[in-house]
2 protein chains.
Amino acid sequence: MTYTIKDVAQRANVSTATVSRILNDQGGYSEKTKRKVLNVIQELDYYPSGIARGLTNKRTDTIGVLVPNLTSSLITEFLNGIESVAHKIGSSVIVCHTESHGIKTMKYLQLLHEKRIDGLILASTLLKKEYYDYIVKMRVPVVLLSAYSEFPVPYVTANDYEAAYTGTKYLIQKGHKDIGMISGNKEEWIAGNLIPRVEGFKSALSDYNIPFYESYIEYGKFSIDDGVTGLKHLLNRVPDLTAIFAENDEIGMGVLSAAYNLGIKVPEKLSVIGMDDISLCKFMSPPLTSVSLSHNEMAEKAANLMFKMINSATEVSNCILDHQIIERLSVRSQ
Amino acid sequence: MTYTIKDVAQRANVSTATVSRILNDQGGYSEKTKRKVLNVIQELDYYPSGIARGLTNKRTDTIGVLVPNLTSSLITEFLNGIESVAHKIGSSVIVCHTESHGIKTMKYLQLLHEKRIDGLILASTLLKKEYYDYIVKMRVPVVLLSAYSEFPVPYVTANDYEAAYTGTKYLIQKGHKDIGMISGNKEEWIAGNLIPRVEGFKSALSDYNIPFYESYIEYGKFSIDDGVTGLKHLLNRVPDLTAIFAENDEIGMGVLSAAYNLGIKVPEKLSVIGMDDISLCKFMSPPLTSVSLSHNEMAEKAANLMFKMINSATEVSNCILDHQIIERLSVRSQ
DNA sequence: TTGTATGCGTTATCAG
DNA sequence: CTGATAACGCATACAA
């Protein structure tokens, strides 16, 4: 038997209104009745129904988080950060694994709509027009995490262009001239980012008068596997690369792995740098140098932004975070 | 403006009852009215309120998943599997990151109770009496994933004892005699598992007449960091170990990392085997040999079990899954 | 300080 | 086949 506010009211000889007031600290009751009611609540081990509450309050204390991938460390670190601030604020998070599928994403959006979530975070996902249209109809605050959009939706992200520039420059200053890049999905980057990382890579090369060839870039997806196949392809095309700029750490890990299996010593024969600085980097062999985009901060900022929007309905500004090179052992001077 | 069933009913000149019937495919209406109503629904882009529905149906199509850790790959792979079957069934999952804290766990249990979730999965978490008591009061189906309990709660787990035995035996048959083990939290294992992995380790040693010393075991937690500090401590105590049996892959990864930084070649100087076979194993340098516990299957089995319980309220049986050694390159013959 | 009554958006039980 | 209407569990405006 699970009790209702009525049960509590009856046992305490008060009205449900009074119980409700006490439950919500609204004032307007004597200390005595408060104690009486609180006692009954304890006795019955009564917990108010969140759904009934949601029905009247139009607020479910639940948010949705859309992620394209649950096996990516970056994403789960995002999830971690979001969950943390949500819990602090008293909200729960529903995880929605979209697998980058348009259809699954739409289905999830509808589901979240039915569940009447208070807010929504899209992590590392490209905001298609279809999604955007639906979201405005839902009328819930949204924020983009690690993504950018032309649509008027607040985002929290890094300056991918500059970060990639910095990373590439780092390699150059270490004396590397033959630098390959393994990038993720081309279209997704172009659409979902302010300026893609590849551009930063190219700019750095150009600024330091290093010739650039399209064949030095390998496009794939964003997973570890893409790092391993990426390296192989790249090395087939241009064997004398001395350094690899990996679009993200998962790809970087793939490169490390492929290099190991190919018998290519890192960093002796090949330097590798990644991006994001996920927590696994430092445990790689060798530890992976990476451009940190302070994604922990990013996730928390995004979540805080969203809750702010939920509470004040005020439009908020975007946020572009800083980056920083974390030197480890996967890069050496040429 | 977000529409209600009333709006739909009015526009279609029918009663809300009829709309509801059509919405739920209950029959008892003409094709004509069905089309009419469906049209209006499309026009308005109406989606029924899940919370209102939940209030009457006493079913929220939402489950809770308690995880002790969101940065562990094993856990997120569990989450991945659970989310996948939940979504197939039309349920959403609320992630609850307990951080192994008793207090946070209780808070989460209460929260989930308020949210009136349909079911609950505890992943890799020790079911304390306090939790158990609360859960029976909640009256929701629970299943333990990768854990065991004396309380009458169904669980889906591996035979940790045998798996560890097999892993150790594998090392022994490769000619190793000086094998160290890095284990997780001692108390948690004893309480949360049928027979802890350490016991399998000891039994194998004993069966093959290899003397066992307590100093060969290092206890820590379950993270990568524990693997790196674990190896250091172990090597301090007994420097001529030729192999390490890591209680799980995260620890194994830590061992690999520490070995690299210590200049100890794996597998030439030190063999390492992990457990769980998380997807990162094959990308390590060297690729980490591991005892696979088919945790993908485990997660899905647990989720399916829980949904079965939700739907039929029938008590279900436990499930103990098989294991298998996945040979890679981190172990070599002595 | 407290209680009554109504609404929140559905579903379900009755009648018709 | 269809329509009132009463729940579901809570919050709140309005009375008292």
Side-chain angles (χ1 to χ4, degrees), chain A residues 1-38 40-41 44-62 110-118 138-139, chain B residues 1-38 40-41 44-62 90 110-111 113-118 138-139:
Chain A
M1 175 56 190
T2 156
Y3 297 102
T4 75
I5 199 172
K6 266 191 195 166
D7 300 315
V8 176
Q10 282 183 358
R11 286 236 203 181
N13 289 317
V14 296
S15 71
T16 61
T18 299
V19 177
S20 176
R21 287 188 197 104
I22 293 174
L23 238 30
N24 300 299
D25 277 321
Q26 311 227 263
Y29 44 77
S30 67
E31 263 306 310
K32 197 176 150 195
T33 51
K34 176 176 176 179
R35 268 199 303 278
K36 190 171 53 179
V37 169
L38 252 29
V40 175
I41 287 179
L44 300 189
D45 195 44
Y46 162 76
Y47 277 93
S49 158
I51 42 174
R53 216 173 227 176
L55 193 57
T56 60
N57 286 347
K58 281 150 174 359
R59 173 179 179 122
T60 52
D61 287 323
T62 304
Q110 294 164 5
L111 194 84
L112 293 175
H113 183 32
E114 288 194 6
K115 288 242 156 70
R116 300 298 190 258
I117 50 160
D118 298 334
M138 286 175 69
R139 294 176 178 280
Chain B
M1 176 55 189
T2 158
Y3 298 100
T4 74
I5 199 172
K6 267 189 195 167
D7 300 314
V8 176
Q10 282 184 357
R11 286 236 202 180
N13 288 317
V14 295
S15 71
T16 62
T18 299
V19 177
S20 177
R21 287 188 196 103
I22 294 173
L23 239 30
N24 299 298
D25 278 322
Q26 311 225 264
Y29 44 77
S30 68
E31 263 305 311
K32 197 177 148 194
T33 50
K34 176 176 177 180
R35 268 197 304 279
K36 191 171 52 178
V37 168
L38 252 29
V40 175
I41 287 179
L44 300 189
D45 196 44
Y46 161 76
Y47 277 93
S49 158
I51 42 175
R53 218 172 226 177
L55 192 56
T56 59
N57 285 347
K58 280 148 174 3
R59 173 178 181 125
T60 53
D61 287 323
T62 304
Q110 293 164 6
L111 194 84
H113 182 32
E114 289 198 4
K115 288 242 157 68
R116 301 297 192 258
I117 50 161
D118 298 334
M138 287 175 69
R139 294 176 179 281

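Fair warning: this is a prediction, and the values are worked out from it, not measured in the lab. The chains referred to below are lettered A, B, ... by the order of the sequence lines, with proteins before strands, and numbering in each begins at 1. As a basis for the values below, the full set of heavy atoms in this structure was taken, side chains included, without hydrogen atoms, waters or symmetry mates.
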Task: Atom CZ of R59(A): over 12 foreign heavy atoms under 6.0 Å - done: yes

Should [X] be listed as having a side-chain N or O under 4.0 Å from OP1 or OP2 of [N]?
{"X": "T4(B)", "N": "dG9(C)", "value": "no"}
{"X": "K58(A)", "N": "dG9(C)", "value": "yes"}
{"X": "R21(A)", "N": "dT2(C)", "value": "no"}
{"X": "N24(A)", "N": "dA11(D)", "value": "yes"}
{"X": "Q26(B)", "N": "dT11(C)", "value": "no"}
{"X": "Y47(B)", "N": "dT10(C)", "value": "no"}
{"X": "T33(A)", "N": "dT1(C)", "value": "no"}

Name the nucleic acid region contacted by [X], choosing base, sugar-phosphate or nothing; use a 4.0 angstrom heavy-atom cut-off, strictly under.
{"X": "S20(A)", "answer": "base"}
{"X": "V14(A)", "answer": "sugar-phosphate"}
{"X": "E31(B)", "answer": "nothing"}
{"X": "Y3(A)", "answer": "nothing"}
{"X": "D7(B)", "answer": "nothing"}

Taking the side chain of [X] as heavy atoms from C-beta outward, which of [options] is closest to it?
{"X": "S15(A)", "options": "dG9(C), dC8(C), dT4(C)", "result": "dT4(C)"}
{"X": "T18(B)", "options": "dT11(C), dA11(D), dG3(D)", "result": "dG3(D)"}
{"X": "L23(A)", "options": "dA7(D), dT1(C), dA11(D)", "result": "dA11(D)"}
{"X": "R53(A)", "options": "dT2(C), dG3(D), dC10(D)", "result": "dC10(D)"}

TODO: Kindly give the heavy-atom pair with the smallest separation between I22(B) and K34(B), and that separation in Å.
DONE: CD1-CA, 3.6 Å

Task: Check: dG9(C) base within 3.5 Å donor-acceptor of R116(A) side chain - done: no

Grab the [atom1]-[atom2] distance between [X] and [N] for me, whole Å please.
{"X": "Y29(A)", "N": "dT1(C)", "atom1": "OH", "atom2": "C1'", "answer": "12 Å"}
{"X": "L55(A)", "N": "dT12(D)", "atom1": "CG", "atom2": "P", "answer": "13 Å"}
{"X": "D61(B)", "N": "dT10(C)", "atom1": "CG", "atom2": "P", "answer": "15 Å"}
{"X": "I51(A)", "N": "dT10(C)", "atom1": "CD1", "atom2": "P", "answer": "14 Å"}
{"X": "D25(A)", "N": "dT12(D)", "atom1": "CG", "atom2": "P", "answer": "13 Å"}
{"X": "E114(A)", "N": "dG9(C)", "atom1": "CD", "atom2": "P", "answer": "15 Å"}
{"X": "I22(A)", "N": "dG3(C)", "atom1": "CD1", "atom2": "C1'", "answer": "13 Å"}
{"X": "K115(A)", "N": "dT10(C)", "atom1": "NZ", "atom2": "P", "answer": "15 Å"}

TODO: Applying side chain to side chain contact (heavy atoms under 4.5 Å, CB included) between V37(B) and each of L23(B), V19(B), N13(B), report the one that passes.
DONE: V19(B)

Open item on the list: Quick check: on DNA chain D, is the nucleotide nearest N13(B) upstream (toward 5') of the one nearest Y46(A), or the reverse? Name the residue that is more 5'.
Closed with: N13(B)

TODO: Please tell me if the side chains of V14(B) and K36(B) come closer than 4.5 Å, counting only heavy atoms from C-beta onward.
DONE: yes

Open item on the list: Working to the nearest 0.5 angstrom, can you tell me the gap between K115(A) NZ and D61(B) CG?
Closed with: 5.5 Å

- [ ] Nearest 0.5 Å please: distance from the CD1 atom of I5(B) over to the OH atom of Y46(B).
- [x] 4.5 Å

